[in-house]
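To start, the structure under review is shown below, and the notes come after it.
Remember, predicted model here, so these are calculated numbers, not experimental data. Quick note on labels: first sequence line is chain A, next is B, and so on, each numbered from 1.
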Amino acid sequence: MSTPLLHVSHLEKYYQKAHILHDVNFELNTGEVLTLLGPSGSGKSTLLRCLNGLEAYQQGAITFDGQAVTQKPKQWQQLRQQIGMVFQSYDLFPNRNVLENILLGPLKVQKRPRAAVLPEIQQLLKKVGMADYADAYPRQLSGGQKQRIAIVRALALKPKLMLFDEVTASLDPEMVRDVLNIIRQLAASHAMTMLVVTHEMDFAKQISDQVLFLADGQILEQTPGTQFFEQPQTERAQNFLASMDF
Amino acid sequence: MSTPLLHVSHLEKYYQKAHILHDVNFELNTGEVLTLLGPSGSGKSTLLRCLNGLEAYQQGAITFDGQAVTQKPKQWQQLRQQIGMVFQSYDLFPNRNVLENILLGPLKVQKRPRAAVLPEIQQLLKKVGMADYADAYPRQLSGGQKQRIAIVRALALKPKLMLFDEVTASLDPEMVRDVLNIIRQLAASHAMTMLVVTHEMDFAKQISDQVLFLADGQILEQTPGTQFFEQPQTERAQNFLASMDF
Amino acid sequence: MAHSGIDVLTAGSNFSRLLGGLWVTVKIALIAILIGTIVGILLGILRTLPNRPLRFILRLYLEFFRIVPTVVLLFLFYYILPKQFNVNLPAETVATLVFALWVASEMSDIVRGALESVPQHQKEAGQAIGLSYWQLQRYVLIPQAWPLGLPATVNLMTRVVKTTSLLMLISVMDVINIGQQIIEANNKTAPNGVFWIYGIIFMFYFIINYPLSRWDKHLNKRRLEANH
Amino acid sequence: MSSWAIIQQSLPLFQKGFFITLKLATLGILGAIVVGIICSLIQYFHLPLLNPLVTIYTEIARNTPLLIQLFFLYYAFPQLGLRLTASQCGVVGLIFLGGSYMAAGFTGGFDGISPSQLEAGQAIGLSRWQLAHYVVLPQGLALSVPALAANIIFLIKETSIFTVIAIPELTNTALDLIGMYYHTNEYLLVLVVAYALILIPLSIILTYLERRVRYGAFGN
Amino acid sequence: GSSKASSSHTTNQNSVAKIKKRGTLRVAVFGDLPPYGWVNKSGQRVGYDVTLARRVAKDLGVKIKFVQVNANNRVDALNANKVDIVLANFTVTSERKQVVAFAKAYMKVSVGVVSPKDAKITKVSQLKGQNLIVTKGTTAENYFTSQQTSANLLKFDSKTQQFNALKNKRGVALADDNSYLYAWVKNNPKYTVGIKGIGPKQYISPAVKKGNTSLLNWTNQEITKLTKAGFFKTDYQQQLAPYFGKEVKASDIIINH
Ligand SMILES: Nc1ncnc2c1ncn2[C@@H]1O[C@H](COP(=O)(O)OP(=O)(O)OP(=O)(O)O)[C@@H](O)[C@H]1O
Ligand SMILES: Nc1ncnc2c1ncn2[C@@H]1O[C@H](COP(=O)(O)OP(=O)(O)OP(=O)(O)O)[C@@H](O)[C@H]1O
Ligand SMILES: [Mg+2]
Ligand SMILES: [Mg+2]
C-alpha cells in the first residue's frame, strides 16, 4: 500500500450555480473499503458519479492508479473498465438476458475472447448464487436477483475499484441481506477496493475500513474503522446516526 | 368497546384463478391498532385494498361500524369517507396545492362549508409540522413531507378507521421517523382505530395492540401486543422476524 | 427564361385571392379542430367506461376514420351521403364536418390514452377520499391527462391543416384551388407562374404549421424534463 | 347493370391499383424508416453540422402537405434537371414526408430510455457508438413501436394523394372510374374495402408487435 | 343501384318553379379552363360557358351561384344535388346519357391531340405504347379508353396539372377537346395540335339531373331562343375568338339549330 489507488484533492462540483461539492479531499488504498455516509442530498451520489465520469467536476484533481484523470471522454471510457459502478436502480439491459448483460463489457469493450471470459463469469455467478439464471431475462428476476447480476456485470470487467451507490435502497427488506452479503464477502477477502454509499448502518459498521461523513457537500469527518459509529465527532454526525436507528 | 368497529369473516379473494386471500377472519375494536406483518407478496396490500373497496372480494363478509358491506359502488363511496387510506406512493394530486389536496374531500365529497373545515385543517397541518406549506405544490415537497400531507388529507374526512400501507417504504431513511412519529401520536392518543402494514419492526413493536401475521394469503398468527415479536409461534414467523433484522 | 413569373403573385387581385383561399382553408381547419376536440374528449371519456358494447361501437368509429383515407371520406360525404339520405350541405360545411369527425375520432384515442396513463394510484387516491366517478374525472383525471394528451393533440392539428390540401378535390375554393385558377388565367403571360404559386402555397402551409410544431416540440421537451 | 356486375368489371383495374399502392407504400415506408433512424440518431447524439440540417429537413417535411411536395417533385424538379418518374416521385415524396415523422417517432423512443440505462452502459465502458448499438437502438426502437405503427398506417393512407401525379394507385383508379362510368357508390365501396384489406391486417399485426415488444423488453 | 330509387323524389328540388322560389340557380362550371370557364386576374369568373350561365340565370330571373368542379365530378355534383345545371364543357356521350339528362347542344367539338412541334404526333398509331396525357372524366379519356386502347394513359385531376405534365414531357402528347387545344397552343407556340380531330364529332350540352323535365324543357327552349338571337355568336367573338388561332372559325364551334 505505497501510493493510494484513488486520490481526490480539492474537488469542487457545481450544477449551474448550485455548489454541490466543496473542497473534497480523500484517498483510498488498494484493498480498503471506504463507506460514504451522510444525509439525503448531501452529495454522496454526486461524488461517486464524479469518480466514474458520469458528472463533470469543475475544479480539483483525481488520480486513479497513478494516472491523472483528465475528464476526456476517451480516457473515461478506458478508466471505467477499471472502476466498476453499481446503482440503486438495478439497471440491467431489459432486452438482453443475464449472460448477455454480463458479457457485453468483457467482449465488446475489452474485446477479450469469449472462451476466456465464460468460465470466469460462471464462477462469479456461482459466487452470488445465480449460476442457474444465465439464460433468464431481467424481467424474470426479483429485485435482489437483478442487483446481484448488476454486481457481477461490474465485476466481470475485473475492475480495480468498485463504487456502490445505495445498492439495496430499492429492494424488498427480505432481499437486502442477500445483496449485502455479497459485498461483505468481497470486502472480507480484501480482493476488492470499494467505495460504498449505504443507509444500512449495521452493514456499514461491519465492512468499513474508513468512514467519510458528508454533509452539504463537505466532508465533515473522516475516521478509520468503526470509530465513527461509536464516537462521532461533529454534532451533525451525531444527529445523523440518531436518525438512522429507531 | 362493545361491538368491534371492523369485523372480517371468511374473506376469500381471487385474481382470476390465483387464490390470494384464504379464509381471513379478524376483528378490530375502536381505538385499537392492528399491525399486519408478513413477507412480500403475502397479501397484506390486497387485504387493505379489500377493506377500502379498491378490490372486490369473492366470498366472506365485512361489517364496518355495524353496517354490512355490500360492495356496491355507492356504498363504498360513502364508506370511504369513514375509512381513510394512505399508500406507499404518496399520491398527492400534482395539479393541486397542499390545501386544495386536503380540501377536496371535505368540500366536494362531504359538502361541508369551507369556513368550518379550514380551522380543522390548520390544526392538522400544525400537528404534522406542515402549517407553513398550505400553498406549496407537491413537487416542492420532500417525500416525507408529501406523506405527511397525504395523512392529513385522509384525516380531514374524520374517518373512524385509518389504513396505512407501508407508508414509509419509499422514503429516505431520515424521513421515515417524522412520518412514523405522526402515526405513533395518533395511536398513543387512542383517538384513531388503525390497521397498519409496515416493515419497520421497532415501530410495529411500539404501536401494536394486536399483530396479524400473514403468509401466502393466510393468517398464521394473531397475537395481542408485543408477544408476537418475543415469541413467534410458527416457524414462518420466526424466519420472517429473523430476516427483518440484520 | 427571361421572365421569372414572380409577378403572377402581385398581378391583379391574385395575392389577396390567395389569402382569401387560405382563410377558407384555415377556417375549415379551425372549426373542425374545435368541434372535433370537444366531441373527441367526450368520446374519449366514454371509451374508458367498462361498458363493452359502447366501447366496441366507439372503437369501430375510430377504426373507420383511421382506415379510410381522407380523400375518400370527402367524396363519401360530399357526393354519396346526400344522395342516400337526402341531406344537402355546402362543400365547406361538408369539409368541416368530415374533418371534425376525423379529429373527433383521433382525439377520442388521444384522450383515452392520456386518461389511462394517469397513474392508477392517482385514481385510487381519489377513490380513497370518496370522490364519485365524475368528481374523479373532473378533479383528478382530466387535469392530469390534459398535459399528457396535449402534444399529440398539437401534432394532430398540424396534420389537419396539411390535409386541408385535399379540399381541392371537392368543390371548396381553398388556397390550392384558387392557386390553380390563377395559374391557368396567367398561363399565357407567365408560364413559370406555376412554381411561384405552388411555392407561395407551400410557404403558407409552413407558416401556419411551424409554430404548432414548435409548440409540440416544446411540450414534449417539458414532459421529458418532468419525467426524468 | 347490377351493382355487383359493375364491381366485378372494375376489379381487375382495382387489383392493379392495389398492388401499385402496396408496392409504393412498402418502398416509401422502408425508406422512411431508414431516413428516420439516421435522422433520429443524428439528433440524439447532436452530431455537429448534420444536426441543424436534420432539423431544417424535418421542419420542412412535417409542416407542408405531401400534395404540394409532390407537385414540386413532379413538376418543378425536371426544370432543375432532376427528372423522376411518377412512381419515383411518389416514393421519394413518401420517404421525404415519412422520414420526418419516423424521425420524430424514434426520437420519442430514444428519449423514453431511462437515463439510468445509459449510465449503466457508460459505467461498463461502452463507447458512444457501442452505447447506440447495444442500448439506445434496441431499447429506443422497441419504445417507438407504437409511434412506428401509427406512422405506417398514416403513410399508407397518404399514398392516396399520389392520384395528383397520375399514378394509377387505388384512389386514382377509383376517381378515374367514377369520372368515366359514374358509378360512384360502387367504386368508392371497392376502394374502402381495398384499403381495409391492407390496413386491418396490418393494424392487427402492429398491435400484436406492440404488445410483444412491450412485454419482451420492459419487464425491468 | 340505389341511386335510381332516390332520384325521383329529389328531382322536384331543382324544378324551374323551385329554382325561381329559391331565387338562385346553382351552376357547375370549370375554374381553370380558359376560355370556357376560368377566373380572371381580378377574381371574376369568365368564359364562354360562364357567360352562357349568367344569361340563363338572367332569363330565369334569378341570381347565379357558381360551383367549381373538376371534369370527373360533374356527374356527381348534379346527382348529389350540389347544382341544378352543369355548364362545364360537358360532352354528350352514351354513358353520360344514362346518368344525366342533356339539353340541346350549344357547341361542337372533337378530340384533338397536342404535341411539341419538334416531336409532332400526327397519327394515332404514333401513340402506341407511349404516354398520353388526359384529364379524368373527359371525352378524350373516354375515347382513348374505349376506342383507341393502344396508348398508355396518364390521368390527372385538373387541367392545370394536365398541361404542366405535358410541359414536363411526362407524356409525348395530350388529348383533349380540339377547340380547347387550339386555344392553348396559341398561348404555347412550341406546341401544335398535330391530330386535329379523331373520333366522331361530339356535342357539348347543358346537363341537368335525370327526371328534372321542367328544367330540361326550359333549357331546350332557352338554347333555341339564344341561338336565334345570335347570343352564341357574340359569346364566341367575345370569349373564344381572342384565344383561338386562325385555324378555328366560329362555324367550327357553334351550332345552327
Ligand atoms: N442534475 C442535477 N441538477 C441540479 N442539482 C442536482 C442534480 N442532481 C443532484 N442535484 C443536487 O445535488 C445535491 C446532492 O445530490 P446527491 O444525489 O448527490 O445526494 P445524495 O447524498 O446522494 O442523496 P441521497 O441519499 O438522497 O441519494 C442535492 O441537493 C441535489 O438536489
Ligand atoms: N392485479 C393483480 N393481479 C394478479 N395478481 C396480483 C395482483 N395484485 C397482486 N397480486 C398478487 O397477489 C399477491 C399478494 O400481493 P400483495 O400486493 O397483496 O402482497 P403484499 O403482502 O402487500 O406484498 P408487499 O409487502 O410486497 O407489498 C401476490 O402474489 C401478488 O403477485
Ligand atoms: Mg444518492
Ligand atoms: Mg404491499
Side chain / backbone / both / neither for [X] at chain C, heavy atoms under 4.5 Å:
X	result
B:Leu163	neither
B:Phe93	both
B:Leu79	neither
B:Arg139	neither

- Task: Test side-chain contact (heavy atoms from CB on, under 4.5 Å) on C:Leu212 and C:Asn209 and set out the steps.
- Result: CA-CA 5 Å; C:Leu212 286 174; C:Asn209 267 338; 3.8 Å; yes

Please check if the number of heavy atoms outside [X] that lie under 6.0 Å from its [atom1] is greater than 12.
X	atom1	answer
C:Phe56	CZ	no
C:Arg59	CZ	no
C:Lys27	NZ	yes

- Query: Salt bridge check: are B:Lys44 and B:Asp165 linked by an N-O gap of less than 4.0 Å?
  - Reply: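 Salt bridge absent between B:Lys44 and B:Asp165.
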
- Determine, for B:Arg153 against B:Glu100, whether the closest basic-nitrogen to carboxylate-oxygen distance falls under 4.0 angstrom.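 Salt bridge absent between B:Arg153 and B:Glu100.
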
With chain C, which of [options] has the greatest number of heavy-atom pairs at distances under 4.5 Å?
options	value
B:Arg49, B:Gln82, B:Gln78	B:Arg49
B:Ile83, B:Leu104, B:Val86, B:Leu92	B:Leu104
B:Gly53, B:Pro94, B:Gly105	B:Pro94

- Message: Which heavy atom of B:Asn95 sits nearest to which heavy atom of C:Pro143, and what is that distance?
- Response: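 Distance-wise, the nearest heavy atoms are ND2-CB, 3.0 Å.
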
- Message: Does B:Lys13 qualify as a cation-pi partner of B:Tyr15, given the criterion of NZ or CZ under 6.0 Å from the six-membered ring centre and within 45 degrees of its axis?
- Response: yes

- Query: Could you name the residues of residues 105-126 of chain C that have a heavy atom within less than 4.5 Å of a heavy atom in chain B?
  - Reply: C:His121, C:Gln122, C:Glu124, C:Ala125, C:Gly126

- Task: Please find out if less than 6.0 Å separates the ring center of C:Tyr198 from that of C:Phe202.
- Result: no

